[in-house]
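Okay, structure first, notes after.
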Amino acid sequence: MNICVASLCKVKQLEKAEVVIVDGIRIGVQPDVVTYNTLITAYCRFVGIDAGYSILYRMKEAGIYPDTITYNSLIAGATRYSMLSRCFDLFEEMLEMSILPDIWSYNTLMHCFFKLRKPDEAYRVFQDILLKDISVHPATFNILINGLCMNGYTENALMLFRSIKRHGFIPQLATYNILIHGLCKSGRGKTAREFLNELVESGHIPNAITYTTVMKCCFRCRQFEEGVKIFAEMRRRGYTYDAFAYCTVASMLLKTGKMNEANEYLGYIITNGFDLDIVSFNTIVNLYCKEGQLDNAYKLLHEAEKKGLESDKYTHTIFIDGLCRTGNFKEAQQHLDYMSMMGFDSNLVALNSFINGLCKAGHLDHALRMFESMDVKDSITYSTMVHSLCNAKRFRAASKLLLSCIRGGMRILKSDKRGVIDGLRGSGYSQEARKVQSKIRLAKILHD
DNA sequence: AATCCTCGAC
């Protein structure tokens with residue numbers, strides 16, 4: 001029965017799994033702790049954390065005691081939905097019931113901290129693991145390296161990798177993939193390549209994830225031919241069994257304005273009959289939005305929703321960008337409101353898109369109001385605003401923003417700096433131009 | 001446990 005339930009749960013057939021359990025009970029086979037643990041994992045994953053809890057009550061009612069794996073499944077569920085306090089509660093509950101947390105309980109908790117951008121706390125969990133003398137699993141290092149990279153501590157991740165290797169740890173393929181991904185993301189393509197060589201030299205065979213990661217790295221560094229070559233090799237080796245690699249190529253084509261080619265790749269995705277996830281849908285929706293076909297974009301969104309997929313912050317950002325490009329600010333605002341209501345972790349990119357759309361349509365003051373209301377801004381926010389103000393010959397306002405951008409330690413394009421200085425000088429504010437220039441120099445010295 | 005998706009300008 002357990003094997004049957006497990007395989008049904010794996011493919012999301014929860015109702016059928018329940019039928020199997022009922023049938024089992026009818027012929028006298030009672031579900032045990034393994035059955036319930038399998039169910040909890042699946043319900044947390046496919047339905048929600050509360051559905052997982054309700055299975056916990058069901059098992060308690062049936063007189064089955066939860067074990068470490070029961071709690072690990074629930075902790076993993078809480079991590080999936082970024083519910084840190086739930087993770088803690090479950091940990092406490094475990095200890096109260098004298099169920100000992102194992103390395104996986106700690107791994108998951110660490111993962112949760114990293115996910116919520118609390119690397120210090122995550123590292124404390126790791127130290128706790130060492131202190132408690134629990135034997136470490138290779139996944140512990142993978143989670144650590146990944147978490148450090150994703151939180152901007154690539155250098156520390158590298159040091160950790162080297163140090164554990166010196167201590168005899170043999171990196172897995174996944175460890176290399178994680179490190180290569182982190183290095184690419186922080187713009188260190190060269191070091192990433194060195195690790196790709198090391199991966200092969202140490203006897204690992206690169207998998208689809210390695211290829212996709214390296215391909216994206218090529219695109220990032222504008223080595224388009226090299227990237228497309230990797231894609232061709234993936235096809236040759238049969239590594240294009242899902243839509244992931246196609247999405248990487250299609251997005252690059254979209255970003256570089258090659259609409260027809262992007263269309264071609266997305267056509268493959270559709271005709272190949274891949275089981276599309278929300279990311280693939282977002283990629284296609286983005287193409288429609290960029291082409292101004294908002295109707296088709298919405299049609300696709302509904303299709304995704306019919307499949308039970310939930311739109312994420314990327315989906316709404318793509319729509320906001322597309323709507324602003326067609327001048328439909330009202331509907332774009334509705335998406336923005338929805339994003340805040342849903343409490344997505346950040347809508348910075350969406351706001352940048354909105355501001356850009358307003359500027360392009362000539363609504364500079366509306367854009368400025370939105371700019372002022374933002375509590376988090378990045379270099380793109382400043383770039384967009386400074387550039388647009390210069391275009392409108394509002395150089396003094398542009399210089400004010402440029403200075404606060406520099407004060408915030410953010411980089412801005414050389415051409416934008418030039419635009420402000422030349423503009424100020426050309427409209428008779430040479431003293432202010434000099435002031436801006438010296439501030440830029442000062443910032444450069446401080447930065448280096 | 002890890003890969004795929006969003007914004008400015010050049």
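Letters A, B, ... mirror the listed sequences (proteins, then strands); counts begin at 1.
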For A:V34, check side-chain contact (heavy atoms from CB on, under 4.5 Å) against everything at least two apart and list the hits.
A:N2, A:D32, A:T38
Residue list, side-chain contact (heavy atoms from CB on, under 4.5 Å) with A:N328, at least two apart or on another chain
A:L323, A:T326, A:K330, A:E331
Is there a residue in residues 289-311 of chain A whose heavy atoms reach under 4.0 Å of DNA chain B, and which residues are they?
A:K290
Strand contacts (DNA chain B) in residues 355-370 of chain A, 4.0 angstrom heavy-atom criterion
A:N356, A:K360
Can you list, by residue number, the residues of residues 319-338 of chain A that have a non-hydrogen atom closer than 4.0 angstrom to DNA chain B?
A:D321, A:R325
Tell me, which of residues 134-145 of chain A have any heavy atom that sits under 4.0 Å from an atom in DNA chain B?
A:A139, A:N142
Mind running a 4.0 Å heavy-atom check of residues 382-389 of chain A against DNA chain B and sending the residues that fall below it, in number order?
A:S383, A:T384, A:H387
Qualifying residues under side-chain contact (heavy atoms from CB on, under 4.5 Å), relative to A:K132, sequence neighbours excluded:
A:Y106, A:D128, A:I134
Which pairs with one or both residues in residues 250-269 of chain A pass side chain to side chain donor-acceptor pair (under 3.5 Å), sequence neighbours excluded?
A:N263-A:E291
How would you list all residue pairs meeting side chain to side chain donor-acceptor pair (under 3.5 Å) that involve residues 344-368 of chain A, not counting sequence neighbours?
A:K313-A:D345, A:D321-A:S353, A:N352-A:D378, A:N352-A:T381, A:N356-A:K360, A:D365-A:R394
Partners of A:R86 by salt bridge (charged side-chain N to carboxylate O under 4.0 Å, His left out), sequence neighbours excluded?
A:D50
For A:C112, give me all partners under side-chain contact (heavy atoms from CB on, under 4.5 Å), at least two apart in sequence or on another chain.
A:T79, A:L84, A:C87, A:L116
Base, sugar-phosphate or nothing for A:K255? Non-hydrogen atoms, less than 4.0 Å.
sugar-phosphate
